[in-house]
Amino acid sequence: MRVEEAIGKQIARLREARQMSLTELGEALGQYLERPWSRQAVHQAERGRRAFTAAELTALALALDTSIPALFLAEAEHVQLPSKIISSEEYRGALLHGGQDAPLDGVEELIVALHDIGEVLSRPTLARLAKIGRVAEQVAGPAPEGSKPG
């Protein structure tokens, strides 16, 4: 998988998770760039058919309420760079900051995962189900002793 394809898949996944249309994401990017992206430009980005500038990556992270490293996450075994294919371990290692103030290895990935979990838990359907569950517990009253919660 090419790096641009990995970024594109993340853009599509994050856009869909936030229930944004191609047009809405393009318009949101316009807040940070000189002009909005067209629906077709967003589609091309999601297909991995374009390179990204640093400003575009920053705008995408802001518009999708995520981090720049989260845009680079890849589920492939190998990532293709212009003149070399690298392993997923090498690729992930390149995404983590190795400086003196760097978090422990893998902590950034955990933060991204926790953010994604938070997004799932905040979905309206899950919130309604949780509310229904609380109401059902109130109506049913306390469970008899020795019974398993269901």
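- Taking the side chain as every heavy atom from C-beta outward, I85 and L81 never approach each other to under 4.5 Å.
- Both M20 and L14 are members of a single hydrophobic cluster when ILVMFWY side chains are connected at heavy-atom separations under 4.5 Å.
- In this structure, the side chain of E90 engages the main chain of S87 through a donor-acceptor pair within 3.5 Å.
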The test is salt bridge (charged side-chain N to carboxylate O under 4.0 Å, His left out); show your working for R50 and E4 and say whether it passes.
CA-CA 7 Å; R50 64 167 295 152; E4 294 82 5; over 6 Å; no

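- In this structure, the side chains of I7 and F72 come closer than 4.5 Å at one or more pairs of heavy atoms.
- Atom-to-atom distance recorded for I86:CD1 and H78:NE2 is 10.5 Å, nearest 0.5 angstrom.
- For A61 against S67, the heavy-atom pair with the smallest separation is CB-C, 3.9 Å.
- Expressed to the nearest 0.5 Å, how far NZ of K9 lies from CD of E5 amounts to 7.0 Å.
- Once rounded to the nearest 0.5 Å, the distance linking CZ of R15 with CG of L64 reads 9.0 Å.
- Q44 places no side-chain N or O within 3.5 Å of a backbone atom of A41 that could act as its donor or acceptor partner.
- For CZ of R2, the number of neighbouring non-hydrogen atoms (other residues, nucleotides, ligands) closer than 6.0 Å is greater than 12.
- Side-chain contact between Q80 and V3 is absent, with no heavy atoms from C-beta onward closer than 4.5 Å.
- By the criterion of side-chain heavy atoms lying less than 4.5 angstrom apart, applied directly or through intervening Ile, Leu, Val, Met, Phe, Trp or Tyr residues, I11 is not grouped with M1; the two fall into different hydrophobic clusters.
- Here the shortest heavy-atom pairing between I68 and L57 reads CG1-O, 4.0 Å.
- L60 and L33 fall within a single hydrophobic cluster, where Ile, Leu, Val, Met, Phe, Trp and Tyr are joined by side-chain heavy atoms under 4.5 Å apart, directly or via other members.
- Of the inter-residue distances, the one linking Y32 atom OH with E56 atom CD reads 15.0 Å to the nearest 0.5 angstrom.
- Under the 4.5 Å side-chain heavy-atom criterion for Ile, Leu, Val, Met, Phe, Trp and Tyr, L22 and L62 are members of distinct hydrophobic clusters.
- The two residues Q10 and L73 come nearest to each other via the heavy atoms CG-O, 3.3 Å.
- Residues T58 and F52 fail the side-chain proximity criterion, which asks for heavy atoms closer than 4.5 Å.
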